[in-house]
Peer 1: 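Next up is a structure, given as structure tokens.
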Amino acid sequence: MEFTFSHQIDVRFRDCDPMGHANNAVYLTYLEQARFAHWRALWGFRGGPPRPGEPGVIMAHAEIDYRKPVEYGDRLEVRLAIAAIGRTSFTYDYELVDQSKSVVASARTVQVMYDYASARPVPIPERVRELLARHVRPVV
């Protein structure tokens, strides 16, 4: 599987449940951190409210398959690629890999360009669409 972007994450003590494993909900935060790093690198995403006249991005769907537990102190590599680009949405595929290169989880999220003023999805701006298209996973 070909991934086009990678982000490193350290499993923090606060991420872990009483059994010493990263809580399953924390994986959504790991995905979010990788997405935001990708957006910063791609189009200069800065967080906070969108600039006037620009749409925001919301997450419409998430799915995660857990394969192996991770613990405090583990370092994960979150790999991602764009799986699809639609009119108003784009889909990421992810692979979370530990220090031994074992896949600990795989995931998919769907993001929607969103106009907060009208509370509606809007088309992906052409500039963003072009930047995202560079990170579409090659079809094999």
Side-chain angles (χ1 to χ4, degrees):
M1 217 178 269
E2 175 114 9
F3 291 90
T4 57
F5 185 81
S6 174
H7 183 69
Q8 300 291 315
I9 303 239
D10 291 319
V11 178
R12 303 165 300 184
F13 178 77
R14 68 159 304 280
D15 296 344
C16 298
D17 61 21
M19 298 303 294
H21 304 122
N23 182 280
N24 62 335
V26 173
Y27 286 74
L28 287 169
T29 301
Y30 297 159
L31 302 180
E32 179 182 64
Q33 288 178 276
R35 271 194 315 278
F36 285 12
H38 186 236
W39 297 347
R40 277 191 305 276
L42 211 56
W43 71 71
F45 177 79
R46 59 175 174 69
R51 294 178 177 113
E54 289 187 0
V57 184
I58 61 172
M59 186 168 55
H61 176 81
E63 59 186 69
I64 303 173
D65 292 318
Y66 304 95
R67 307 211 190 292
K68 180 181 168 188
V70 297
E71 300 173 340
Y72 168 68
D74 285 347
R75 179 168 268 269
L76 304 178
E77 177 185 6
V78 182
R79 301 171 179 166
L80 62 83
I82 305 290
I85 302 173
R87 188 177 77 78
T88 63
S89 67
F90 54 99
T91 302
Y92 275 119
D93 281 340
Y94 307 81
E95 199 173 67
L96 289 82
V97 178
D98 66 12
Q99 305 95 297
S100 69
K101 303 299 181 199
S102 295
V103 175
V104 299
S106 57
R108 175 170 272 204
T109 62
V110 177
Q111 291 62 226
V112 174
M113 299 307 285
Y114 192 78
D115 180 347
Y116 285 95
S118 66
R120 299 175 58 139
V122 294
I124 299 169
E126 197 55 40
R127 175 182 76 86
V128 172
R129 176 180 296 284
E130 289 170 6
L131 293 169
L132 290 170
R134 295 179 192 165
H135 292 262
V136 172
R137 177 189 308 216
V139 178
V140 263

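Given the structure is predicted, the values throughout are model-derived calculations rather than measurements.
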Peer 1: Is the shortest heavy-atom distance from the side chain of I9 to the side chain of R75 under 4.5 Å?
Peer 2: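 Result no, sub-4.5 Å side-chain heavy-atom pair not found.
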Peer 1: Would you call R79-E95 a salt bridge at under 4.0 Å N-O?
Peer 2: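 Judged by the 4.0 Å cut-off on N to carboxylate O distance, R79 and E95 do form a salt bridge.
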Peer 1: Please evaluate residues Y30 and D15 with respect to the criterion side chain to side chain contact (heavy atoms under 4.5 Å, CB included), reporting the C-alpha separation (whole Å), side-chain torsions for both, the decisive distance (0.1 Å), and the verdict.
Peer 2: CA-CA 10 Å; Y30 297 159; D15 296 344; 2.7 Å; yes
Peer 1: State, with a plain yes or no, whether a side-chain heavy atom of I58 is found less than 4.5 Å away from one of Y116.
Peer 2: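 A side-chain contact under 4.5 Å exists here.
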Peer 1: For G73, does its backbone N or O pair with a side-chain atom of R12 as donor and acceptor, under 3.5 Å?
Peer 2: no
Peer 1: With rounding to the nearest 0.5 angstrom, report the NE2 to CD1 distance, H38 to I82.
Peer 2: 5.5 Å
Peer 1: Look at the aromatic rings of F5 and H7 and report parallel, tilted or perpendicular, splitting at 30° and 60°.
Peer 2: parallel
Peer 1: Measuring from atom OG1 of T88 to atom CG of D115, what distance do you get when rounded to the nearest 0.5 angstrom?
Peer 2: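 Going from the OG1 atom of T88 to the CG atom of D115 covers 12.5 Å.
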Peer 1: Hey, can you tell me if W43 and W39 have their rings parallel, tilted or perpendicular (30° and 60° cut-offs)?
Peer 2: parallel
Peer 1: Measuring from Q33:CD to L76:CG, what's the distance to the nearest 0.5 Å?
Peer 2: 10.0 Å
Peer 1: Should E71 and V11 count as side-chain neighbours, where that means a heavy-atom distance under 4.5 Å?
Peer 2: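 SC-SC contact between E71 and V11 ruled out.
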Peer 1: Quick check against the 3.5 Å criterion: does Y66 have a side-chain atom that pairs as donor or acceptor with the backbone of N24?
Peer 2: yes
